Amino acid sequence: MLNGKVAVITGAGRGIGRAIALQFAQYGSKVVVNYRNSLAQIEELLTSIQNSGGEAIAIQADVSREEEARKLIEEAVKHYGRVDVLVNNAGITKDNLLMRMSEADFDHVIDVNLKGTFFCMKHAATVMLKQKQGKIINISSVVGLTGNIGQTNYAASKAGVIGMTKSVARELAPRGITVNAVAPGFIETDMTDKLPDKYKEATVAAIPLKRYGIASEVAGAVSFLASEAANYITGQVLQVDGGLAM
Ligand code: NAP
């Protein structure tokens, strides 16, 4: 499905990013896995990919810093000669009610989720434009479509990702590059693990499929959008949310 494709996946040490990296490798992609702090997890991921006969390298970078995002793409190209797929998965939450949300917490979430995606797209697009080929998949969230109490910063960043996805999809379409977003609902990872049990029960009740999703179910949608089966799809937002925000 992704045979020989070179894919850069940000925030791949844990959660959804890790599941995407494992699935891409399983489908034959050479994966460049980015991490910020999770060194032990990324080493374990590399071993696991290599033990199953896959190819992967790890590159440390904080995607919220343009210089580091630029270096991430440069090192991927130095190693594998090209970048066919970019998955902007790195993301954080810093939840609080509007009146209690500090400017620092607002800025931090925007810097990682929105600007990090912008920086990586910008530098990967330079490579993809020369190749006249490429696929970018940005991980947004259903919260970017619906909003959510306590997530003014996060919802703004994820709605911004959707606006950027559509803008860049229009800009790059004439050069054969597609840009799409995946919007997960509630997925079992460290990010949702910290939610209070009462909140989890209430949210499960609101999900038509009556359960949280698992990371590999998001990876499935990303693999599809990265594959040639999705060649005629661009500027779209694919929700992977058990029907939550239909
Ligand atoms: P997670 O388990 O908390 O993992 C977050 C990942 O992002 C980690 O690998 C982390 O790397 C990386 N990261 C954070 N800041 C970074 C930075 N500045 N530079 C590079 N990497 C950075 O989260 P997750 O649930 O897998 O979420 C993955 C994506 O899906 C996020 O964009 C999130 O917003 C989105 N999403 C998740 C859900 C959900 O229910 N879980 C729902 C909707 C959307 P380190 O460990 O190295 O710091």
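Not measured: the values here are computed from a predicted model. For ligands, and for the atoms within them, numbers begin at 1 and follow the listed sequence.
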*So is Asn34 in contact with ligand 1, going by heavy-atom distances below 4.0 Å?*
yes
*Would you say Glu68 touches ligand 1, if touching means a heavy atom closer than 4.0 Å?*
no
_Would you say that more than 12 heavy atoms from the other residues, nucleotides or ligands in this model lie under 6.0 Å from the NZ of Lys198, or not?_
no
*More than 12 foreign heavy atoms under 6.0 Å from CD1 of Ile149: is that the case here?*
no
*Qualifying residue for side chain to side chain contact (heavy atoms under 4.5 Å, CB included) with Asn34, from Ile9, Ile73, Thr10*: Thr10
For [atom], which protein heavy atom lies nearest, and how many Å away is it?
| atom | result |
| --- | --- |
| atom 38 (C) of ligand 1 | Gly185 O, 3.9 Å |
| atom 43 (C) of ligand 1 | Pro184 O, 3.4 Å |
| atom 24 (P) of ligand 1 | Thr189 OG1, 3.6 Å |
| atom 12 (C) of ligand 1 | Gly11 CA, 3.6 Å |
| atom 17 (C) of ligand 1 | Arg36 CD, 3.5 Å |

*Among Gly213, Ser64, Gly91, Ser38, which one has a heavy atom closest to atom 7 (O) of ligand 1?*
Gly91
*Which option, Val161, Asn37, Ile139, owns the non-hydrogen atom nearest atom 30 (O) of ligand 1?*
Ile139
Would you mind listing which atoms of ligand 1 come within a distance below 4.0 Å of any non-hydrogen atom of [X]?
| X | result |
| --- | --- |
| Tyr154 | 33 (C), 34 (O), 35 (C), 36 (N), 43 (C), 44 (C) |
| Ile92 | 14 (C), 15 (N) |
| Phe186 | 40 (O) |

_Ring geometry between Phe186 and Tyr199 (parallel below 30°, tilted from 30 to 60°, perpendicular above 60°)_ = perpendicular
What part of [X], side chain, backbone, both or neither, has a heavy atom within less than 4.0 angstrom of ligand 1?
| X | answer |
| --- | --- |
| Gln41 | neither |
| Ala215 | neither |
| Ser140 | backbone |
| Val112 | side chain |

Could you say whether the N/O atoms of [X] and ligand 1 ever approach to under 3.5 Å?
| X | value |
| --- | --- |
| Gly17 | no |
| Ile187 | yes |
| Asn89 | yes |
| Ile16 | yes |

*Charged N to carboxylate O under 4.0 angstrom, Arg70 versus Glu74?*
yes
_Results of side chain to side chain donor-acceptor pair (under 3.5 Å) for Asp84 - residues two or more places apart only_ = Arg82
